[in-house]
Amino acid sequence: MSSVNYRSIKGTKDILPTESPLWQFVESTIRSVFHQFNYKEIRTPIFESTSLFARSIGELTDIVGKEMYTFQDRSGDSITLRPEGTASAIRAYIQNNLGEALPLTKVYYLGPMFRQERPQAGRLRQFHQFGAEAIGSPTAETDVEIIAMTIEIYKRLGLTQYTLQINSVGDEECRPKYKEILRTELQKIAGSLSTESQKRIDQNPMRVLDSKDENDQKLTAGMPLITDHLNEECAKHFDRVKSLLTAYGIPFTVNGRLVRGLDYYTKTAFEITSTELGSQDALAGGGRYDLLVKELGGKQTPSVGFAAGMERLMMILEKKGFQTPIQRPKVFIAAADDAARQWVLTTTMVLRSRGIASECDLLSRSLKSQMKEADRQRAEFALVVGQMELDGGKAVLKNLTDHTQQDILLSDIVGFLNK
RNA sequence: GUGGCCAUAGUUCAGUCGGUUAGAACGCCAGGUUGUGGCCCUGGAGGUCGUGGGUUCAAAUCCCACUGGUCACCCCA
């Protein structure tokens, strides 16, 4: 390890030239799935008013409570680097009156998010998420479109070791009632629960059921689940989601203990986890949030969306040895002697301007070194040009893949390589 | 915020019981008859052994602190 003066901030990572092709490939695959589902990209600012996130994500969540990158700008306003994408998308939806132009707005986003957590496998402080929002539809059909689209992205990228879990977290009518029932039950065994879970009984009893603590799991094994306490509307909606998933041939398991971390979810909640990841095994999560738009000052607008982590997806693809087509020059033009260097440079420029990816030596290297470089760059062809070729008007074009070579008129190069 | 593990060439790693010029592989550079890559051969460059203290005749090796990395808890995508 070299002792460098500057390092990237803890929890941030450089995506290096050797890695960016995979990112670009994955990003374009994600985009094409979104486009096929007719979701359009929305690009919102990377920072917003702190209050936007506090209001939407929930004052009591860890994200808002202790993980946001919040600072005062020079005018004293409280600014926060976005910790997730939904709040910004909804803010933009309301601010730009998108709901007035269309009954249903389908948008997606892809970009960096920021949370000041302790880094570990699959978790960074600047990380990347992609996600989508269908704003303006109350139907189970929309929930399932979102879920199907998420699954389709993973299928498209060749993932197989993932599972879809779904739940319904009820609405503003049935959830409070259920929470009360659960709270009463939990209070009976409070003393035996982990301290973390004890704290949650009051604030967020549903999280106790989601505890990773084995003992907590045992103790709460027989507890009432929200799926048994949904009101008629929520139950009907949930049934419809399940039957549509089945109709679409998407396997799922119902997990009555699944809770989403953000406060704004209602009815459908889902999570996709992978067995190919470490402790941080959630690949994507999402659900319905019928109250959020109104909460942020818009009209009552039922909506559903999801968010997924790029780095976790990358980890799986890298582990599987996923290969992307490499970026390589069509031709490397090598100068056999100094007399030809000028011609080589200008010809390389001409080829590039004709749309042919070309490379030549910029380091005044020997012919042998240039050929090695051509090979290292995986150029398809190498053209060797010296004074002799310039005088004769033709040169040797070598195919570096099948090792054949042929004479070619210097005036024919553009035409040949353009084929 | 809490805890475990780790730190030696560009990279991945060896380095015995503490013993004097710190190694390998890959990568990089240069050659292998004067104009041709990949394979092969030869040679070369490249290290304050993370930093600072301590123990010792002697520290990459033992001890402490710090820094950084990493994994896990928590939480979440």
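Lettering of chains follows the sequences in order, A, B, ..., and the numbering in each one begins at 1.
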Only Watson-Crick and G-U wobble pairs with both distances less than 3.5 Å should count. Give RNA chain B in dot-bracket notation, marking inter-strand partners with |. (((((((..((((.....[...)))).(((((.......))))).....(((((..]....))))))))))))....
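In summary, A:Lys319 and A:Glu276 do not engage in a salt bridge, as defined by a charged side-chain N under 4.0 Å from a carboxylate O. With salt bridges taken as basic N to acidic carboxylate O contacts below 4.0 Å, none links A:Glu84 and A:Arg115. Note on A:Lys394 versus A:Asp412: no salt bridge recorded, every NZ/NE/NH1/NH2 to OD/OE distance being 4.0 Å or above. At a threshold of 4.0 Å, the pair A:Glu180-A:Lys177 does not count as salt-bridged, since none of the basic side-chain nitrogens sits closer than that to a carboxylate oxygen.
Between A:Phe322 and A:Phe25, the distance from one ring center to the other falls under 6.0 angstrom. Ring pair A:Phe37/A:Tyr108: centre-to-centre distance not below 6.0 Å.
Regarding A:Met315, its CE atom lies at a distance of 17 Å from the P atom of B:rA77, rounded to whole Å. Protein atom OH of A:Tyr265 is 6 Å distant from nucleotide atom P of B:rA77, rounded to whole Å. Atom CD in A:Gln126 sits about 18 Å away from atom P in B:rA77, given to the nearest Å. Distance, A:Leu159 CG to B:rA77 C1': 14 Å, rounded to whole Å. Atoms CG (A:Asp375) and P (B:rG27) sit 12 Å apart, rounded to a whole Å. Atom CE in A:Met371 sits roughly 14 Å away from atom P in B:rC39 (whole-Å rounding).
For A:Gln370 and B:rU36, the shortest distance from a side-chain N or O to OP1 or OP2 is not below 4.0 Å. OP1 and OP2 of B:rC76 both lie 4.0 Å or more from every side-chain N or O belonging to A:Arg118. Distances shorter than 4.0 Å separate none of the side-chain N or O atoms of A:Thr61 from OP1 or OP2 on B:rC76. Phosphate proximity of B:rA30 to A:Ser366: absent, as no side-chain N or O sits under 4.0 Å from OP1 or OP2. A sub-4.0 Å separation between OP1 or OP2 of B:rG1 and a side-chain N or O of A:Gln116 is absent. Remark: A:Arg376 is in phosphate contact with B:rC28, judged by side-chain N or O atoms under 4.0 Å from OP1 or OP2. For B:rA72, one of the phosphate oxygens OP1 or OP2 lies less than 4.0 angstrom from a side-chain nitrogen or oxygen of A:Gln120.
Among the heavy atoms of the strands lying under 4.0 Å from A:Glu389 is at least one base atom, whether or not backbone atoms are also near. As judged by a 4.0 angstrom heavy-atom cut-off over every strand, A:Lys368 is placed among the base-contacting residues. In this structure, A:Ala307 reaches the sugar-phosphate backbone alone: every heavy-atom distance under 4.0 Å involves primed, P, OP1 or OP2 atoms, never a base. Residue A:His128 is classed as having no contact, given no heavy-atom separation below 4.0 Å to the nucleic acid. Using a 4.0 Å heavy-atom criterion, one finds that A:Arg207 contacts the sugar-phosphate atoms exclusively. Using a 4.0 Å heavy-atom distance criterion, A:Leu283 is classed as a sugar-phosphate-only contact. Using a 4.0 Å heavy-atom cutoff across all strands shown, A:Arg123 reaches at least one base atom of the nucleic acid. In this structure, A:Met388 reaches the bases: a heavy-atom distance under 4.0 Å links it to at least one base atom across the strands shown. Across all strands, A:Gly122 comes closer than 4.0 Å to base atoms (heavy-atom distances). Counting any heavy atom pair closer than 4.0 Å across all strands shown, A:Glu67 reaches sugar-phosphate atoms only and no base atom. Residue contacts shown for A:Phe127 include a base, since a base heavy atom lies under 4.0 Å away. Residue A:Ala336 is classed as a base contact, given a heavy-atom separation below 4.0 Å to a base.
Between B:rU56 and B:rG4, the distance separating the two C1' atoms is 31 Å to the nearest Å. With P as the reference atom, B:rU12 and B:rG50 are 14 Å apart, rounded to whole Å. B:rG38 and B:rG46: their P atoms are spaced 25 Å apart (whole Å).
The neighbour count for A:Arg352 CZ, taken as heavy atoms of other residues, nucleotides or ligands under 6.0 Å away, is above 12. Heavy-atom contacts from other residues, nucleotides or ligands closer than 6.0 Å to NZ of A:Lys320 number more than 12.
Within 3.5 Å, a donor on the side chain of A:Lys398 pairs with an acceptor on the base of B:rG37, or the reverse.
A donor atom on one side chain and an acceptor atom on the other are not found under 3.5 Å apart for A:Ser49 and A:Ser51. Between A:Arg257 and A:Thr220, the side chains place a donor N or O and an acceptor N or O closer than 3.5 Å (distance only, hydrogens not considered). A:Thr86 and A:Glu133 form a side-chain donor-acceptor contact under 3.5 Å, judged by distance and modelled atom types alone.
Across the interface with RNA chain B, nearest-nucleotide mapping of A:Ala121 and A:Glu84 shows A:Ala121 to be the residue nearer the 5′ end.
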Identify all pairs in which a protein N or O lies below 3.5 Å from an N or O of nucleotides 65-69 of chain B, and state each distance.
residue: B:rG69; atom: OP2; partner: A:Lys10; partner atom: NZ; Å: 3.2

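Of the residues A:Val385, A:Val344, A:Asp337, the one that meets the side chain to side chain contact (heavy atoms under 4.5 Å, CB included) test with A:Leu390 is A:Val385.
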